[in-house]
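A quick note: this is a predicted structure, and the numbers were derived from the prediction, not measured. The chains referred to below are lettered A, B, ... by the order of the sequence lines, with proteins before strands, and numbering in each begins at 1.
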2 protein chains.
Amino acid sequence: MLSEERILRQLSQAGYRITQPRRAVVRALLEDDGYSNAAKVHERARLYCPGVGLVTIYRTLDLLSEAGFLRRIHSQDGCHGYAPIQRGHRHHLICRRCGAAVEFKGCDLVPFLDRVSDETGYRIEEHLLELIGLCSTCQELSTPCPHSQEPSPRSTPGHDDEK
Amino acid sequence: MLSEERILRQLSQAGYRITQPRRAVVRALLEDDGYSNAAKVHERARLYCPGVGLVTIYRTLDLLSEAGFLRRIHSQDGCHGYAPIQRGHRHHLICRRCGAAVEFKGCDLVPFLDRVSDETGYRIEEHLLELIGLCSTCQELSTPCPHSQEPSPRSTPGHDDEK
DNA sequence: TTGTGTGCAAAATCTTTGCACTTCG
DNA sequence: CGAAGTGCAAAGATTTTGCACACAA
């Protein structure tokens, strides 16, 4: 897995300068689990480099993305999410109620990925997995899941509607 | 797979009105395979409902998303991509080069999720899985590993225009 | 010292909201 | 006919660009 030092070293070797803002962004990315967007990274990066501007965040994210440390999610069509590329994938399991996050190793996915790859002809390079649920504590506190995404015909015609 | 008629019927049963713009959006989504954003849907929907405005596209995408026919990709962090949900729980496999997206069934994930659930005590309700790679066409087009996740030292500071 | 990198401000995009008019049911 | 739905315009967000100053090498 890539450490902060290693990333910085590689950037340096590639001819980029190692600046405070860049350090801060790299650090923020490594600490922030899962996907990030510019605003989130900015907020976090300011902890390490208080004066850093949002513009610099964008530029640094681009740079890291070019350099191969980040993957832009849906880069084509204007989606502006980023996810760190990590060897030894770690995935996250997040409690939707209390926000507790657990990391787990997800290597069991490999056979699944192989199958998908066979079926689709795609060569799979990266995967992003995030699980959302209730941790054991919150399961006790909570009533059964109120919402669901099934396209079930809703009996209530009432629009809960436009926010 | 969900047909246009079926979606419209379900919307109608749920109390929504079936209008020309909505028809057009549904149609556009079904024809455009894979991942779309508002602008793309708009362009296509105008073929069926020339006067339709972009605003209506956004509102209809929201509606379809609420109703469970669309999955907002990375809804979390302000990513504004959408992909049709065809049936049950599926995930997306996206070509990083051309953006082509394929949905695939994720049932093989269940044993994996069960294991994670056992190990962590979490009850898993949702999962977000996205695979990124190269589709077969782009594999051919692409030169043998021109870039890769390896951050190769760049000799030229100049930017290539590649995105 | 040099030129890459940064911050600020402003432009360009993308998305949402308010309001009067349309149209489905 | 009545209320949901639409389009337009304008407000809000988000991202990019231009330029002079700052700082890593």
| query | Under 4.0 angstrom, heavy atoms only, what part of the nucleic acid is A/Arg59 near: base, sugar-phosphate, or nothing? | reply | base
| remark: Assign each of A/Val52 and B/Leu54 the nucleotide of DNA chain C bearing its closest heavy atom; nearer the 5' end lies the nucleotide of A/Val52
| task | Establish whether A/Val55 and A/Leu70 are linked, either directly or via other cluster members, by ILVMFWY side-chain heavy-atom contacts under 4.5 Å. | result | no
| said: For A/Arg22, is there any backbone N or O sitting under 3.5 Å from a side-chain donor or acceptor partner on A/Thr60? | reply: no
| Do B/Glu66 and B/Tyr16 meet the criterion of a side-chain donor-acceptor pair at a distance under 3.5 Å? | no
| Rounding to a whole Å, what distance do you find between A/Arg22:CZ and D/dA22:C1'? | 14 Å
| task | Find the distance A/Gln13:CD to D/dA24:P and express it as a whole number of Å. | result | 20 Å
| query | So, the side chain of A/Ser117 versus the backbone of A/Tyr122: is there a donor-acceptor pair under 3.5 Å, distance only? | reply | yes
| query | Hey, which of these two, A/Val55 or B/Val55, hits DNA chain C nearer its 5' end, going by closest nucleotide? | reply | A/Val55
| Could you give the NZ-to-P distance, from A/Lys40 to D/dT15, as a whole number of Å? | 13 Å
| field | Rounded distance in Å - OH (A/Tyr58) to P (C/dT6) | value | 16 Å
| Atom pair distance, as rounded to whole Å: CD1 in A/Ile57 and P in C/dT6 | 9 Å
| task | Using atom CG of B/Asp62 as one end and atom P of C/dC14 as the other, report the distance to the nearest whole Å. | result | 17 Å
| request: Look only at the side chain of A/Thr120 and the backbone of A/Val116, and say whether a donor-acceptor pair between them is shorter than 3.5 Å. | output: yes
| query | Can any side-chain N or O of A/Thr56 pair as donor or acceptor with the backbone N or O of A/Val52 at less than 3.5 Å? | reply | no
| task | Check B/Ala24 against B/Cys49 and note the closest heavy-atom contact, atom names and distance. | result | CB-CB, 3.6 Å
| For the helix from C/dT1-D/dA25 to C/dG25-D/dC1, what angle lies between the axis at the first five pairs and the axis at the last five pairs, to 10 degrees? | 40°
| task | Taking only Lys NZ, Arg NE, NH1 and NH2, and the carboxylate oxygens of Asp or Glu, determine whether B/Glu119 and B/Arg115 approach each other closer than 4.0 Å. | result | yes
| remark: Taken to the nearest whole Å, CG/A/Leu8 to C1'/D/dA25 is 15 Å
| In Å and rounded to the nearest 0.5 Å, what is the CZ to CG distance from A/Arg59 to A/Leu64? | 14.0 Å
| field | nucleotides 20-25 of chain C: protein proximity per nucleotide (B base, S sugar-phosphate only, - neither; heavy atom, under 4.0 Å) | value | ---BBS
| task | Take atom CG of B/Leu61 and atom P of D/dT6, then tell me their distance rounded to the nearest Å. | result | 12 Å
